[in-house]
Structures are given as C-alpha cells and as structure tokens.
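Here is the naming used below: chain letters follow the sequence lines, and residue numbers restart at 1 for every chain. Just so it is clear, the structure is predicted and the values come from calculations on it, not from any experiment.
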Amino acid sequence: MSTRDLLADSVSNALSTIARRDGLSVEVDPGAVHLERPARREHGDWSTNVALVTAKRAGTNPRALAGALVEQLTADPPLHVTSVEIAGPGFINFRLENGWLIDSLADLLAQGEEGYARPDVGHGETVQVEFISANPTGPIHVGNGWWGSYGDALARVLDRAGYRVSREYYVNDTGGQIRTLGESLLARRRGDDVPEGGYQGEYVNDLAAEFDGPDDVTAAGRWAAEQILDRIKATLASVGIIFDEWYSQASIEESGAVDDTIALLAEKGLVFEQDGATWFRATELGDTRDRVLRKANGDATYLAGDLAYHRDKFLVRGFDRVIDVFGADHHGQVASLMAGVEALGIDPARLEVRLGQMVSLVDGGESVKMGKRAGNAIALDSLVADIGPDATRILSLMSSLDQATTFDLASVREQSADNPVFYVQMASARIGGVGRKAVERGTVRAPLDQVDLTLLSHERELELIRCLEELPEVVAAAAEDRAPTKVTTWVRRLASSFHGFYHDCPILAEDVDPAVAQARLWLVEATRIGLAIGLGLLGVSAPEAM
RNA sequence: GCCCCCGUAGCUCAGCGGAUAGAGCACCGGCCUCCGGAGCCGGUGGCGCAGGUUCGAGUCCUGCCGGGGGCACCA
C-alpha cells in the first residue's frame with residue numbers, strides 16, 4: 001500500500017473515531033478531502049485539508065477538529081510518521097522518516113518499467129480516440145501534428161491508466177472536396193490553372209505528372225486522395241503516431257448506414273423536408289439551428305455521414321466512450337454532432353469532444369498563414385525535417401490543448417540546443433553514460449536484495465525519489481483530465497532532479513563508498529525506468545547516448 | 001449578435017480550490033585537475049480590470065476590456 005493510501009486510511013479512521021466519541025456528524029465529501037505533498041518542505045512531507053473541509057458541517061471549527069485529529073494520530077502514528085502538526089488555518093502536516101521514500105523506491109524497482117505507474121482509472125473501459133482525421137486533399141500541417149501528438153499521447157496515457165484504447169483516423173474520402181481535388185488534378189494534367197477554389201499546392205503538380213488514369217473527376221480525386229493518404233501515413237509514422245483503424249467515410253456511405261441513420265432519426269420525428277433537402281430538427285436537442293442531412297442534389301452532408309459514423313462507433317462497435325479530438329476550426333460542428341448522438345439514443349456523456357486551439361506559426365517574427373487550398377501551410381514534414389521527431393512531439397506537448405500557441409520556427413531551427421527535448425534526453429544519455437562507465441571500470445550492479453537503499457540520504461537523492469514516487473499519480477491525473485501535458489511537466493522535473501543528483505552525488509568516483517555506489521546505481525536505474533515510462537507516454541525516445 | 005478557447009515574468013508556456021505562483025529562453029553573477037558543462041548554483045522580474053462564492057481564488061461564478069476560433073444544402 002502506498003504511503004498516500006496509508007495516511008488516507010489513518011486520517012479517515014481517526015476522523016470517525018473522533019466523530020463517534022464527540023457525537024459529531026461528519027459528512028465527508030470525498031472529492032474535497034486532499035492528501036497532498038506540500039509545496040514547501042518546511043510544511044512536512046504530507047499534508048491534509050480534511051479539518052478545513054469538514055469542520056463546518058461537523059459543527060466545530062477547523063483548528064479544534066485538527067487538534068483532535070492530531071492527538072488521535074499521534075497516539076497511533078501511521079508507518080514512518082514521526083510527527084503530526086497543525087498548521088495555518090487547520091492543515092494537518094505529517095513528517096515522515098526517509099524510510100517511506102526508500103520503500104517507494106524499492107516498490108518502483110520491483111514493479112519495473114512494465115508494472116510501475118499503472119493506476120487503474122479506466123477499469124477496463126473501452127475508449128476510442130479519434131484524432132487528426134485531416135482530409136486527404138493535401139499534406140498535413142503543423143496544427144495536425146500538434147493535435148495529433150496530443151491524441152496519440154492521450155491514447156498512450158489512457159492505455160497505461162487501465163483503459164482499452166483504439167486510435168482511429170476518419171478518412172474523408174468522398175464528397176465535394178474529393179471532386180475539387182480531382183478537378184485540380186485534371187486541370188494540372190492539361191496544363192491549365194487550377195479552377196477557382198481548387199487546390200494550389202505543388203503536390204498537385206507532382207501528382208498530376210504521375211496520374212495516368214481517365215479524365216474522370218471522381219476517379220482522379222480518389223486516386224489522388226489515396227496517394228496523399230499514403231504520404232500522411234508515412235509522415236505520422238515518422239513522429240511515432242500509429243493508428244489502429246483508418247475508417248473510410250466512403251465505406252460508411254456505400255454500406256447504407258447513412259440512409260439507415262436518417263431513417264432512424266425520421267422514426268423519432270426529428271426529420272423534415274424543406275426546399276428539396278432533408279433536415280434534422282437539431283434545435284429540439286439544443287443546437288442553434290436545424291441542419292441539413294441530405295442536400296437537394298441528393299448528396300448526404302458531412303453531418304449525416306458523421307452521425308452514421310458515431311452510430312457505428314457506439315452502437316455497432318460498442319465503445320463505452322469516444323473521445324474526438326478536433327481542431328478549434330471545427331468547433332461549429334460540435335453542437336449538431338452532440339444533438340445527433342443524443343437523438344440516436346446514445347448518452348451524450350459518453351462522447352467527449354476535445355478542441356485543439358490553433359497553432360500560429362511565426363518564422364523569424366514573420367507570421368505564417370496556414371491554408372491547405374492556398375498551398376502555403378507549413379507541412380508537418382518540413383517541421384520534422386527541421387527539428388526532428390522528438391522535438392516536434394515534446395514541443396507540441398508542452399502546452400495544454402486549450403492554449404493557442406505561437407511557435408517560432410526560426411528560434412527552434414537556430415538554437416535547437418535550447419530545445420527542452422535536449423535537456424530531458426541529456427538525462428537519458430547521462431544514465432546511459434553511467435552504465436558505460438560502470439562497464440569500463442568493472443563495477444557490476446549487485447542484486448537489489450544485497451543493496452542497502454537506506455544509504456540514500458543526500459537531499460538530492462531524496463528529492464529524486466520524491467519525484468519518481470509521484471509518477472503513478474501523474475499518470476492518473478493525466479488520464480482523468482485528458483491532459484498528457486502533465487506528463488511533460490513531470491518528465492522535465494524528473495530530468496531536473498536527476499541533473500541535480502548527478503552533479504552532487506558521484507556514483508563511480510574512486511572515493512565513493514562501494515555500498516553507496518550500489519545504492520546510487522539502483523537509483524539511476526529507477527530514474528531510467530521513470531524516464532522510459534514518461535517519455536514513452538509522450539512518444540519521445542530515450543536515447544542512451546547523444 | 002450568439003457559442004467555444006485564452007489573457008500568469010521582456011518572450012514561450014506550467015500551475016488536482018490550499019500555505020511565500022513555477023520552469024525554459026533572455027539578462028546579471030558564480031561552479032569544470034571530478035561518472036557527458038547540451039549540466040549545476042544564485043539574482044532581476046508576473047496572475048488584464050471589477051464584483052461575487054469560499055476558512056482560503058491564478059484556479060469556480062457574473063460583468064467588462066483585450067486576443068484567437070466558430071456560427072453553410074464545405075468538409
């Protein structure tokens with residue numbers, strides 16, 4: 001049992017003992033009671049606000065309740081606890097002897113990279129994460145890469161936190177955009193200008209030179225989309241983003257699922273005809289206006305396909321939960337999607353839509369406008385070529401999805417040594433260096449049960465263990481909040497703790513006590529495990545040398 | 001007009017309702033006969049404004065001011 005759980009149990013037991021004894025009615029709101037590591041070391045190792053949040057309803061004041069709790073806890077102190085004190089308005093602060101940290105280190109080493117930091121927040125729930133889903137009408141841009149890194153890292157985090165995860169890319173391989181792409185391609189092949197509103201990029205020229213099919217707009221469009229999709233797959237693979245499923249919109253339309261979905265909505269009285277089109281009465285379910293499902297020309301709208309698609313996700317494939325990651329420029333479709341999902345009899349709480357705010361690019365102070373049709377978007381490919389896949393991923397996972405970020409291409413290009421990825425990977429490389437140096441000096445790491453970890457008592461060593469000890473909770477929070485960024489923050493902190501330790505605590509130097517060296521070698525191994533887990537969740541490599 | 005996101009240090013960003021708000025870059029000053037100095041240590045500097053809820057607000061609520069993105073028979 002973790003120290004946190006141990007303390008939580010003790011506090012809870014002490015509270016009910018006091019409540020019984022003093023006849024207090026204690027109603028504890030479990031979400032409000034926190035057991036946390038104080039930001040300031042002089043406040044102890046652990047702290048709880050339980051007295052502050054329960055005193056009022058118990059009909060007493062926080063400091064009085066805290067006093068009683070302290071008395072109770074002092075009489076029967078939890079493992080490793082050396083003192084319990086009241087502080088400030090009614091916090092209860094615990095001081096522990098270092099044994100609790102040594103225990104957590106031993107625990108980490110026993111569980112290893114596979115087993116450590118696997119909090120079960122998902123309880124085996126199945127969740128589909130759909131992300132990127134950029135139209136295959138041109139190369140994907142940096143924004144797609146940003147949100148893609150988020151989606152992929154989120155999937156990794158959820159997977160580690162006990163969800164059964166499937167990653168999916170919805171391929172818009174049908175409809176007007178594909179026709180426009182086909183027209184652009186054929187125009188280029190004839191040597192004409194691309195028609196108004198068509199795709200202007202270089203890649204259209206390249207594809208036109210290759211295309212030897214007939215003069216059929218749809219066939220040309222589909223062919224081009226396939227080529228482009230192959231490139232998108234290769235680009236994403238280069239930054240470590242792999243999908244379980246590439247789901248074709250055309251296949252949904254051809255299967256008749258769109259017609260079925262519209263029929264289903266019609267049965268519920270939510271469909272009407274107007275101006276030759278078929279409409280969904282979305283206003284009945286909270287949308288701002290009604291929406292067209294089938295256009296007057298007979299084509300299904302994007303929404304109709306999307307509803308059929310979501311019906312497939314929930315009702316056919318049976319995911320417990322679906323997380324759609326969209327760019328903020330698709331915000332407008334959320335309300336109608338939610339309305340449609342609810343109309344189909346699916347609990348809308350099972351669908352989460354996360355909107356990625358825009359990534360604006362500047363290049364040496366010059367702002368760069370992104371637009372696929374104009375062909376001037378910064379391709380993810382070119383960014384990766386500039387700064388590498390690891391830097392691309394960690395930079396995109398530094399800020400939260402809600403934060404519109406500004407990214408200066410020039411600054412990363414010119415001073416890439418200042419890039420945070422180097423700082424973290426330096427820690428990884430130093431760990432590799434320790435291993436190499438140990439071999440060089442003929443030092444062998446002894447089996448763990450023959451090593452005295454309690455020799456780790458330097459403040460740098462303890463701080464490093466404190467950081468490692470937090471990882472399971474960081475993973476849990478990242479999963480619950482759908483915020484893989486929390487892992488990035490933690491990894492950077494771990495790297496910082498490790499650099500400090502490395503600087504002040506020699507491991508293999510001549511004058512280090514061999515027993516201390518052994519304990520430190522295991523601490524280095526624990527750090528390697530922590531870094532491997534953390535960087536693995538971010539999709540960043542942990543090199544043994546740089 | 002309506003909806004969503006964001007205003008935190010000079011810049012880019014962190015910050016489960018908790019105690020004295022953090023990091024990187026930039027700037028100033030220290031540390032290499034020592035396992036990787038791409039590192040370590042110290043300093044300068046900040047929550048857009050006004051109310052409210054709370055024992056406690058950068059965090060929650062309302063309004064205002066700024067910035068971004070939406071509001072198609074396009075996807």
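Nucleic acid contact for A/Glu470: none, since no nucleic acid atom lies under 4.0 Å from a heavy atom of the residue. Here A/Ala427 lies out of heavy-atom contact (under 4.0 Å) with every strand. Here A/Asp402 lies in heavy-atom contact (under 4.0 Å) with sugar-phosphate atoms only. Within the 4.0 angstrom heavy-atom criterion, base atoms lie near A/Asp275. At the heavy-atom level, A/Asp287 lies nowhere under 4.0 Å from the strands shown. Base contact: A/Val53 has a heavy atom under 4.0 Å from a base atom. No engagement by A/Ala477 is indicated, since no non-hydrogen atom pair under 4.0 Å with the nucleic acid exists. When heavy atoms are screened at a 4.0 angstrom cut-off, A/Ser47 is found touching base atoms of the nucleic acid. At a threshold of 4.0 angstrom between heavy atoms, the contacts of A/Arg492 are confined to the sugar-phosphate backbone, with no base atom among them. Contact annotation for A/Ala335: no contact, since no heavy-atom pair falls under 4.0 Å across all strands.
Contact check, A/Thr406 against B/C11: no side-chain N or O comes under 4.0 Å of OP1 or OP2. An OP1 or OP2 oxygen of B/C40 is reached within less than 4.0 angstrom by a side-chain nitrogen or oxygen of A/Tyr423. At the phosphate of B/C41, OP1 or OP2 sits under 4.0 Å from a side-chain N or O atom of A/Arg460. Phosphate proximity of B/A14 to A/Gln403: present, with a side-chain N or O under 4.0 Å from OP1 or OP2. Note on A/Lys486: every side-chain N or O is 4.0 Å or more away from OP1 and OP2 of B/A14.
Both thresholds, 5.5 Å between centres and 30° between ring planes, are met by A/Phe422 relative to the base of B/A38, so the two rings are stacked.
The local environment of CD in A/Glu273 is crowded, with over 12 non-hydrogen atoms from other residues, nucleotides or ligands closer than 6.0 Å. A/Glu544 CD: 12 or fewer foreign heavy atoms inside a 6.0 Å radius.
Proximity of A/Phe91 to A/His43: side-chain heavy atoms (C-beta onward) are nowhere separated by under 4.5 Å. Looking at heavy atoms from C-beta onward, A/Val524 lies in side-chain contact with A/Phe501 at the 4.5 angstrom threshold.
A donor-acceptor contact closer than 3.5 angstrom links the side chains of A/Arg430 and A/His499. At a cut-off of 3.5 Å, with distance as the only test, no side-chain donor of A/Gln177 or A/Asn172 sits close to an acceptor on the other residue.
Atom C1' of nucleotide B/C4 and atom CG of A/Leu337 are separated by 15 Å, given to the nearest angstrom. With rounding to whole Å, A/His34 atom NE2 is found 12 Å from B/A19 atom P. One atom, CH2 of A/Trp490, and another, P of B/C13, lie 25 Å apart when rounded to the nearest Å. Counting to the nearest Å, the P atom of B/C13 and the CD atom of A/Gln357 are 12 Å from each other. Rounded to a whole Å, the CG atom of A/Leu307 is 14 Å from the P atom of B/A75. Rounded to an integer number of Å, the gap from A/Arg493 CZ to B/G24 P is 13 Å. Between the C1' atom of B/A23 and the NE2 atom of A/His499 lies a distance of 14 Å, rounded to the nearest Å. Between the CD1 atom of A/Ile394 and the P atom of B/A23 there is a distance of 18 Å, given to the nearest Å.
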Please write out each protein N/O paired with an N/O of nucleotides 70-72 of chain B under 3.5 Å, distance rounded to 0.1 Å.
residue : atom : partner  : partner atom : Å
B/G70   : O2'  : A/Gly332 : N            : 2.6
B/A72   : O5'  : A/Arg289 : NH1          : 3.3

Taking N or O atoms only and anything under 3.5 Å, show me the protein contacts with nucleotides 33-35 of chain B, one pair per line.
residue : atom : partner  : partner atom : Å
B/C35   : O2   : A/Ile507 : N            : 3.3
B/C35   : O2   : A/Leu508 : N            : 2.8
B/C35   : N3   : A/Ile507 : N            : 2.9
B/C35   : N4   : A/Tyr502 : O            : 2.4
B/C35   : N4   : A/Cys505 : O            : 3.0

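Under a 4.0 Å N-O distance rule, the pair A/Lys313/A/Glu168 does not qualify as a salt bridge. In this structure, A/Glu463 does not pair ionically with A/Arg466, as no charged nitrogen and carboxylate oxygen lie closer than 4.0 Å. Look at A/Asp259 and A/Arg294 and you find a salt bridge, because one of the NZ, NE, NH1 or NH2 atoms lies within 4.0 Å of a carboxylate O, short of that distance.
Two residues, A/Leu355 and A/Glu544, neighbour RNA chain B, and the one matched to the more 5' nucleotide by heavy-atom proximity is A/Leu355. When each of A/Pro38 and A/Ser400 is assigned the nucleotide of RNA chain B with its nearest heavy atom, A/Ser400 is the one assigned upstream, toward the 5' end.
Put simply, the side chain of A/Arg528 never gets that close to the backbone of A/Ile431: no donor and acceptor are under 3.5 Å apart. Judged by distance alone, the side chain of A/Asp45 and the main-chain N or O of A/Leu96 form a donor-acceptor pair under 3.5 Å. Between the A/Thr301 side chain and the A/Val292 main chain, a donor and an acceptor come within less than 3.5 Å of each other.
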Both distances under 3.5 Å, Watson-Crick or G-U wobble: on that basis, could you give the dot-bracket string for RNA chain B, with [ ] for crossing pairs and | for other-strand partners?
(((((((..((((....[...)))).(((((.......)))))....(((((..]....))))))))))))....
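Proximity note for A/Met426 (side chain, C-beta onward) versus B/G39, B/U20, B/A14: the nearest is B/G39. Distances from the side chain of A/Asn135 to the nucleotides B/A75, B/A19, B/A14 place B/A75 closest.
Residue-to-nucleotide contacts include no donor-acceptor pair under 3.5 Å from the side chain of A/Ser399 to the base of B/A14.
The side-chain tip of A/Arg445 points at the ring of A/Trp522 from less than 6.0 angstrom away and within 45° of straight on.
Annotation: B/U12 and B/U54 have their C1' atoms spaced 34 Å apart (nearest Å).
Under the 30°/60° scheme for interplanar angles, the aromatic rings of A/Tyr170 and A/Tyr309 are found to lie parallel.
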